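From a predicted model like this one, the values you see are computed outputs, not experimental measurements. Computation of the quantities below employed the complete heavy-atom set of this structure, encompassing side-chain atoms and omitting hydrogens, waters and symmetry-equivalent molecules. Order of the sequence lines sets the chain letters (A, B, ...), proteins ahead of strands, with each chain counted from 1.
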There are 2 protein chains.
Amino acid sequence: MKFEAVTIKDIAKALGLSTSTVSRALRDSYEISPETKKLVLEYAEKINYHPNPIALSLKERRSRSIGVIVCEIANSYFSQVINGIESIANTNGYNVIISQSHESSVKELVNLQYLTSRSVDGLIISVSTETTDFNFFRELHDRGMPIVFFDRIVDEIQTHKVIADNFKGAYDATTHLINSGYKRIATLCNTVFLSIGKERLAGYKAALKDHGMEPDDALIRYCQHGGMVAAEMDQAMNELFSLTNPPDAIFAAADKLTTGSLRALCARGMSVPEDIGLIGFSNSELTELLNPSLSVVRQPAFEMGEEATSLLLELIESKRPVTDFQTRVLSTEMLLRSSTRLQKRSPKTSLS
Amino acid sequence: MKFEAVTIKDIAKALGLSTSTVSRALRDSYEISPETKKLVLEYAEKINYHPNPIALSLKERRSRSIGVIVCEIANSYFSQVINGIESIANTNGYNVIISQSHESSVKELVNLQYLTSRSVDGLIISVSTETTDFNFFRELHDRGMPIVFFDRIVDEIQTHKVIADNFKGAYDATTHLINSGYKRIATLCNTVFLSIGKERLAGYKAALKDHGMEPDDALIRYCQHGGMVAAEMDQAMNELFSLTNPPDAIFAAADKLTTGSLRALCARGMSVPEDIGLIGFSNSELTELLNPSLSVVRQPAFEMGEEATSLLLELIESKRPVTDFQTRVLSTEMLLRSSTRLQKRSPKTSLS
DNA sequence: CACGTTGCCGGGAACGATTGCGTAAAAATA
DNA sequence: TATTTTTACGCAATCGTTCCCGGCAACGTG
């Protein structure tokens, strides 16, 4: 089963010209006569000629395509980011190759090698939660591969980065819980080895402190796989609710942790927001329709994709090595709905 | 900014060999002495050599990658299918290139051209809702490009296809509404120019007829963009509820139509399932947590991706042109939850 | 008329890898 | 020892395209 395409040679042969002449005619070179150009262009059009990008990639050592690595496209946040990436990339004549790490650093590495060997002109990456060894990224970067990190960034590598204001998002969400009257606020967060984990946890802690509450390590639960592994969520919940002084609200620091929390709370027969308040990071379109409708911190995912791509194209198209790198921080948005609407009840004595 | 990779020439030069020898040593050819092989392999390992897939693609006219075209990766169904595709493709040494049509036939065509010019070895496609001209697919197919259609298939092109049992899924869902006591059952469906639209509508109608109800065209609303365009949904809903005899249940024939219906019903202040029952096709993970929890027809998305990929690899790796094509039909699964649980109320007189 | 300039085009190398063919040296055979 | 076979490697073409270089006309100029 072979699929044959028309080449520049076919045109040359048919028209009795050399391949060089045809190539130049197609590229509108000044050293080709108008008549010949017309001849070639018309014939090329007629037989539906398209230059072979593979041959071009080989010759030019560039592919006009950019590689994207995310952990999971099924995650609304990432699929929105990808749409942002595509919008900018396509208008600039670049194609986007998407690959998923599924939070595995091995798969991440494999994808990385595939993309680079495919001569992508640059990479947009949100690292997997498992990744602790950044040497391959560094090596790639040192050898001149343009890279932009977003969302889960790598501090130790100097390049452009795009993130949401994770600290403020977490700070505001936690503050909202406090202002709503919740007294013992727990958090479910990613590992602090992930930039988003660290920043959001810091925001949570700062909000507590600024309102005279001391962060309690017993109320901070880490989910290495960010809610992808059910057992991890269950364990975290069990630990929280077997405390002598269990939480009355949860701030979930990632998309799947947020919906996962709701699922776990429902399974326990607890009612939100009466028994427990819930707010979390989420970009799902459905949070408003959930039971109860969820208060969420929403990231400007599409815009983040756009920003990351603009920065990457800058790197790619720069003539000289870029040394002045920037980190763009975009504001999050808080959507307040029922899950944090504490009903007025008889005041409880709180020990916190 | 150029990213230089090590080539076979670098190895040849460093070891004082010819490129042919190095190439053969790397491919473990019998005509290379064990010592030379060892030398080459060790050096290649040391300098981290990887063959350039672009050069290989050019030479072999194959890329060991398959192209996938779906309308939207943000749709849970499609992201699950893609995971299925990747699982089979990767274990067979193929890479997957994902592209989105966003339901635009223009973008679909552009993606198609990009993928073929990138020498993908085969294509897995769910056509966009806008597409009415299948000539490009046919041409590609006729010229020997292996193609497998799934979900939204093209009847007029003879190749392998993978679909869910759309008829039965719709039939069962509608029957369930009838058995739950609903009397005037409306449907929101895709255009019938789409295979899934046609099949699901047929299932809906058959279920009504088999239970002594006559399908009423006033209760059948089409959404060309499958719920992606809010205005379209709104109009359909307005039309339904301005009927003198409005529906008391809705069967939504696609993912976004299902959640979109719930959103629209909530906006109207109608309560599900009391005022109106709701069931629909959906592969979202969150339907259980919605308010109310949604009864859904679930497609075996991951398995469909696996099946489609197996069939495609068969086509790709077949020595002779394949003429015996099959259409695999996988069963759907019905998950019954609150949105179809009609409360016992005073019997209404129904005119249907 | 001789010479430089310009316009227009072809030859061939290159990108990185594979592979059919040719061949020198070493080994096996007569 | 002479011949054949085997071993082990290099040369060069190929995939589709670009681009440097070289060349041949026709033209203009002194």
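- Out of D:dC21, C:dC8, C:dA17, the shortest distance to the side chain of A:Arg24 is found at D:dC21.
- Phosphate proximity of D:dC19 to A:Ser20: absent, as no side-chain N or O sits under 4.0 Å from OP1 or OP2.
- Atom CZ of B:Phe136 has more than 12 neighbouring heavy atoms from other residues, nucleotides or ligands inside a 6.0 Å radius.
- Nucleic acid contact for B:Thr36: sugar-phosphate only, since backbone atoms but no base atoms lie under 4.0 Å from a heavy atom of the residue.
- The distance between atom CG of B:Leu26 and atom P of C:dA17, rounded to the nearest whole Å, is 9 Å.
- Looking at B:Thr7 and B:Thr19, their side chains never come closer than 4.5 Å, going by heavy atoms from C-beta outward.
- Residues A:Leu315 and A:Val148 form a side-chain contact, since some pair of their non-hydrogen atoms from C-beta on lies under 4.5 Å apart.
- The 5' end of DNA chain C is approached more closely, in terms of each residue's nearest nucleotide, by B:Lys59 than by the other of B:Lys59 and B:Glu31.
- If you check every strand for non-hydrogen atoms under 4.0 Å, B:Thr7 touches sugar and phosphate atoms only.
- In this structure, A:Tyr30 atom OH and C:dC9 atom P are separated by 13 Å, rounded to whole Å.
- With respect to B:Glu103 and B:Arg152, a salt bridge is recorded, a charged nitrogen being found less than 4.0 Å from a carboxylate O.
- Between B:Lys9 and C:dC15 there is a side-chain polar atom (N or O) within less than 4.0 angstrom of OP1 or OP2.
- Considering only side-chain atoms of B:Ile32, the nucleotide from D:dT17, C:dT19, D:dC9 that sits closest is D:dC9.
- When ring centroids are compared, A:Tyr49 and A:Tyr43 stay outside the 6.0 Å threshold.
- When each of D:dT18, D:dA8, C:dC15 is scored by its nearest atom to the side-chain atoms of A:Thr19, the top-ranked nucleotide is D:dT18.
- Put simply, CD1 on A:Ile54 is 13 Å from C1' on C:dA17, counting in whole angstrom units.
- Looking at the side chain of B:Leu58, the nearest of the listed nucleotides C:dA17, D:dG16, C:dT19 is D:dG16.
- Remark: P of D:dT18 and CD1 of A:Ile11 are 11 Å apart, rounded to the nearest angstrom.
- Using a cutoff of 4.0 Å between basic side-chain nitrogens and carboxylate oxygens, B:Glu42 and B:Lys46 are not scored as salt-bridged.
- The residue B:Arg27 sits close only to the backbone: its heavy atoms come under 4.0 Å of sugar-phosphate atoms, none of a base.
- Map A:Ile8 and B:Ser18 each onto its nearest nucleotide of DNA chain D; the residue landing nearer the 5' end is B:Ser18.
- Contact between the side-chain N/O atoms of B:Tyr49 and the OP1/OP2 oxygens of C:dA17 is found at a separation under 4.0 Å.
- We find that CG of B:Asp28 is positioned 13 Å from P of C:dT18, with the value rounded to whole Å.
- Look at A:Ser33 and you'll find a side-chain N or O under 4.0 angstrom from OP1 or OP2 of C:dC9.
- One atom, CG of A:Leu17, and another, P of C:dC8, lie 14 Å apart when rounded to the nearest Å.
- When rounded to the nearest whole Å, the span between CG of A:Leu39 and C1' of C:dC8 equals 14 Å.
- The interatomic distance linking B:Glu60 (CD) with C:dT18 (C1') rounds to 7 Å, in whole Å.
- At C:dG16, one or more side-chain N or O atoms of A:Arg61 fall inside 4.0 Å of OP1 or OP2 (strictly under the cut-off).
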